[in-house]
Amino acid sequence: MPALKRFATVALSVSLLAGGAAALAPTASAASSDCSTYDQGAEVDGNGINFRTGHSTSYKSKGLVYNKDQLALYCKSGSWYKAKLTKRSKGGLPAGTYGWIRQDMIKFHLAG
């Protein structure tokens, strides 16, 4: 093990043993573990809705989606859905763009 890496490991271990805290970013699997899996079609129910980078209003908007823009829903976290645009949005976002949208801004397609 290189000396610098060994030093960093020892320093973190000593800090934790002394009551320090480490702020570690969640892994990809940990970040998505609170999502229920979906595979359902839907459309936007409203105009000028933010299509966000994450599942709350504190995340940046990727752009706006509009009434009847087509979505494929993949994941739910709380009242937010991770979705993919199946066609270019009326706001100009390309088909295949992933984003998050609130449940009350979606009209679900019925299966069958």
Side-chain angles (χ1 to χ4, degrees):
M1 179 182 287
L4 184 57
K5 189 173 183 180
R6 190 173 39 233
F7 173 76
T9 302
V10 170
L12 179 59
S13 298
V14 169
S15 173
L16 291 174
L17 288 172
L24 302 175
T27 63
S29 60
S32 63
S33 64
D34 64 343
C35 267
S36 303
T37 303
Y38 284 78
D39 185 10
Q40 182 176 354
E43 62 186 39
V44 175
D45 188 21
N47 284 309
I49 308 301
N50 285 305
F51 203 51
R52 297 189 178 275
T53 59
H55 52 82
S56 80
T57 57
S58 63
Y59 288 89
K60 279 181 52 174
S61 176
K62 290 183 169 193
L64 301 177
V65 290
Y66 291 85
N67 200 44
K68 299 196 188 239
D69 279 343
Q70 298 298 301
L71 304 170
L73 304 179
Y74 290 101
C75 179
K76 184 178 183 199
S77 182
S79 61
W80 291 80
Y81 282 89
K82 184 174 184 178
K84 179 175 80 170
L85 288 166
T86 59
K87 296 181 181 178
R88 183 177 183 83
S89 77
K90 293 175 189 169
L93 291 171
T97 300
Y98 284 89
W100 289 83
I101 186 168
R102 258 189 9 231
Q103 179 175 333
D104 59 337
M105 301 295 162
I106 298 171
K107 182 189 290 185
F108 297 90
H109 293 169
L110 296 176

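Below, each value reflects all heavy atoms present in this structure, side chains not excepted, and no hydrogens, waters or symmetry copies. This is a predicted model, so every value here is computed, not measured. Index from 1, following the sequence.
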Those residues that, when tested against [X], pass side chain to side chain donor-acceptor pair (under 3.5 Å) (two or more places apart):
| X | answer |
| --- | --- |
| S79 | none |
| T57 | none |
| T86 | none |
| R52 | none |

**Request:** Carefully, step by step, assess I106 and V44 under the rule side chain to side chain contact (heavy atoms under 4.5 Å, CB included).
**Result:** CA-CA 5 Å; I106 298 171; V44 175; over 6 Å; no

If I take atom [atom1] from residue [X] and atom [atom2] from residue [Y], how far apart are they, to the nearest 0.5 angstrom?
| X | Y | atom1 | atom2 | result |
| --- | --- | --- | --- | --- |
| T97 | K84 | OG1 | NZ | 10.0 Å |
| I101 | L71 | CD1 | CG | 5.5 Å |
| D69 | K90 | CG | NZ | 5.5 Å |

**Request:** Please identify each residue that fulfils ring-ring contact (aromatic ring centres under 6.0 Å, His included) with Y66, with sequence neighbours left out.
**Result:** none

Heavy-atom closest contact ([X] atom, [Y] atom, distance):
| X | Y | value |
| --- | --- | --- |
| L64 | G48 | CD2-O, 3.7 Å |
| F108 | A42 | CA-CB, 4.2 Å |
| S89 | L85 | CB-CD1, 4.0 Å |

**Message:** If you apply the rule side chain to side chain contact (heavy atoms under 4.5 Å, CB included), what do you find for D45 with M105, and how did you get there?
**Reply:** CA-CA 5 Å; D45 188 21; M105 301 295 162; 5.9 Å; no

**Request:** Look at the aromatic rings of Y74 and Y98 and report parallel, tilted or perpendicular, splitting at 30° and 60°.
**Result:**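 Geometry flag for Y98 against Y74: tilted rings.
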
**Any pair counted as salt bridge (Lys or Arg N to Asp or Glu O under 4.0 Å), so long as it reaches residues 93-106, sequence neighbours left out** = R102-D104

Is there a donor-acceptor pair closer than 3.5 Å between any side-chain N or O of [X] and the backbone N or O of [Y]?
| X | Y | result |
| --- | --- | --- |
| N47 | N67 | yes |
| N50 | K62 | no |
| S77 | W80 | no |

**Request:** Just jot down the side-chain contact (heavy atoms from CB on, under 4.5 Å) partners of K87, sequence neighbours excluded, or say none.
**Result:** Q70

**Request:** Step by step, work out the side chain to side chain contact (heavy atoms under 4.5 Å, CB included) result for H55 and K76.
**Result:** CA-CA 9 Å; H55 52 82; K76 184 178 183 199; over 6 Å; no

**Message:** Tell me if the centroids of the rings in F51 and Y59 come within less than 6.0 Å of each other.
**Reply:** no

